[in-house]
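Side chains are part of it too, since the values below use all heavy atoms of this structure and drop only hydrogens, waters and symmetry mates. Each residue takes its place number in the sequence, starting with 1. It should be emphasised that the depicted structure is a prediction, and the values quoted were computed from it without experimental measurement. Every number for a ligand or one of its atoms is a count from 1 in the order of the listing.
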Amino acid sequence: MRKTFVVLTAMALVGGAVVLATGGRRAVAQGGGTVEVDVKYNGAPQVEKLKVNKDTEKCGQETTIEHVMVGSNKGLANAVVSAPNAKGAKPVKAVIDQHGCKFVPHVTVMQPGELELKNSDDILHNIHTYSTANPAINKAQPKFKKTMTEKFDKPEMVKLTCDVHSWMLGWLAVVPGVAAVTDTNGVAKLENVPAGKQKIEVWHETLGKQDKEVDVKAGQTTKVSFEMKGK
Ligand SMILES: [Cu+2]
């Protein structure tokens with residue numbers, strides 16, 4: 001038992017070292033820096049609570065819609081932060097799960113390309129997108145269809161709903177360059193942003209968008225903060 005544990009730990013350490021080494025090399029090769037973005041909101045959170053009238057064994061008796069999530073120190077969660085002109089970012093496969101009759105995560109960022117849509121609920125969902133730059137999707141995903149792949153080739157903020165569960169709301173940010181979503185403290189990190197002047201954009205589903213220019217330095221972390229205004 002102990003032996004297995006030691007071997008596994010050693011493997012994990014080696015694996016970690018490999019990841020660190022490649023990560024470091026990539027950063028140096030691109031001459032990029034990190035931009036740490038801090039997004040604040042001075043207003044009150046807006047979380048809608050409602051009773052569920054369908055599929056309650058999977059969806060629960062009640063649910064919430066997270067319109068504006070404000071954490072500690074007025075940090076705004078679920079904001080999309082991006083350096084849209086940063087070239088050479090490595091595409092990461094974007095995945096959205098329909099779980100507990102919610103889109104998880106509530107806000108997803110992806111570069112133009114393919115999105116994997118999961119249904120881990122074992123019930124019927126029906127994705128409905130309000131896209132205009134990309135073809136709109138209105139497609140049933142029965143419980144046996146655990147994953148679907150959809151294409152979003154054009155940059156756009158896409159609203160997601162489900163025609164079976166009226167409360168389901170999510171957002172897909174198709175953004176070129178480097179992008180991330182703020183955490184519960186309102187912070188997001190953009191990694192490997194090419195050095196030099198870069199436009200940093202912040203977008204929030206109900207609070208709109210803002211941008212600022214920052215000077216990114218290779219191998220360093222540049223901090224920038226935003227304060228979103230209520231509408
Ligand atoms: Cu649904």
> Rounded to 10°, how big is the angle at the Cu ion (ligand 1) from Met168 SD to His125 ND1?
Replying inline: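 It rounds to 100°.
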>> With carbon and hydrogen excluded and only N/O/S kept, which atom of His165 is nearest the Cu ion (ligand 1)?
In response: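 Nearest N/O/S atom: ND1.
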>> Can you tell whether the side chains of Lys209 and Asp211 come within less than 4.0 Å, N to carboxylate O?
In response: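 No, Lys209 and Asp211 are not salt-bridged.
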>> If the threshold is 4.0 Å, N to carboxylate O, is there a salt bridge linking Lys74 and Glu227?
In response: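 Answer for the salt bridge query: no.
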>> When you measure from the side chain of Lys118 to the backbone of Lys146, do you find a donor-acceptor pair of N or O atoms at a distance under 3.5 Å?
In response: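 No, because the side chain of Lys118 does not come within donor-acceptor range (under 3.5 Å) of the backbone of Lys146.
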>> Let me check your reading of the structure: within less than 2.8 Å of the Cu ion (ligand 1), is there an N/O/S atom from Cys101?
In response: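 Under 2.8 Å: Cys101 has no N, O or S contact with the Cu ion (ligand 1).
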> Asn134 and Asp153: side-chain donor and acceptor closer than 3.5 Å?
Replying inline: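 The answer is no; no qualifying pair exists.
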